[in-house]
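Below is one structure, written out as structure tokens; the observations come after it.
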Amino acid sequence: MIIKILGSGCKKCGALAENAKVAAQTEGINAEIEKVTDVVAIASYGIMSTPGLVIDEKVVSTGRVLTASEISPLLKEASA
């Protein structure tokens, strides 16, 4: 599973990345976390506010920092 964090690399983006890592570990999911900071690449996902969370090329959240407990069900759904 590939999880992408879309954003400029700000504090919120870092927090979202850490929460995604914790959620993946909690669910026992082997996930690669990538940080995407290129503006053109971020725009290609069609999001208007960051941070964005992308799981296996599907945008699942934009504009807010989800907690690990909010990310867990998204990961389970994507891995099903």
Side-chain angles (χ1 to χ4, degrees):
M1 175 178 291
I2 297 176
I3 300 170
K4 294 182 181 179
I5 308 300
L6 310 179
S8 63
C10 65
K11 191 174 181 179
K12 288 182 180 181
C13 298
L16 182 59
E18 185 59 34
N19 291 346
K21 180 180 175 184
V22 169
Q25 289 173 340
T26 300
E27 295 303 324
I29 295 172
N30 185 18
E32 179 181 331
I33 298 178
E34 298 178 6
K35 294 180 182 175
V36 179
T37 57
D38 180 66
V39 176
V40 175
I42 293 169
S44 73
Y45 286 94
I47 70 166
M48 302 307 278
S49 58
T50 59
L53 179 64
V54 177
I55 301 173
D56 288 337
E57 295 305 312
K58 179 183 175 190
V59 177
V60 295
S61 172
T62 64
R64 59 187 287 252
V65 178
L66 298 177
T67 64
S69 61
E70 290 173 313
I71 296 170
S72 287
L74 299 172
L75 295 178
K76 282 195 276 192
E77 181 181 321
S79 67

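Computed over heavy atoms, backbone and side chain alike; hydrogens, waters and symmetry mates excluded. This one's a predicted model, so the numbers in the text were calculated from it and none came from an experiment.
Rounding to the nearest 0.5 angstrom, the gap separating the OG1 atom in T62 from the CG atom in L53 is 10.0 Å. Taken to the nearest 0.5 Å, the CD atom of E70 stands 12.0 Å off from the CG atom of L75. Note: I2 CD1 to E34 CD = 5.5 Å, rounded to the nearest 0.5 Å. Rounded to the nearest 0.5 angstrom, I42 CD1 and I5 CD1 are separated by 11.0 Å. Remark: N19 CG to I33 CD1 distance equals 9.5 Å, nearest 0.5 Å.
Judged by distance alone, with hydrogens and angles left aside, the side-chain atoms of S79 form a donor-acceptor pair with the main-chain N or O of K76 at under 3.5 Å. With hydrogens and angles ignored, the 3.5 Å screen pairs no side-chain donor or acceptor of D56 with any backbone N or O of M1. No donor-acceptor pair closer than 3.5 Å links the side chain of E18 to the backbone N or O of A15.
Side chains of L6 and P51 form no contact here, defined as non-hydrogen atoms less than 4.5 Å apart.
Atom CD of E77 is surrounded by 12 or fewer heavy atoms from other residues, nucleotides or ligands within 6.0 Å. Remark: D38 CG is packed, more than 12 non-hydrogen atoms of other residues, nucleotides or ligands lying under 6.0 Å away.
Using a 4.0 Å cut-off between charged side-chain N and carboxylate O, E32 and K4 make no salt bridge.
Applying the side chain to side chain contact (heavy atoms under 4.5 Å, CB included) test between I71 and each of V60, T26, L16 identifies L16 as the sole match.
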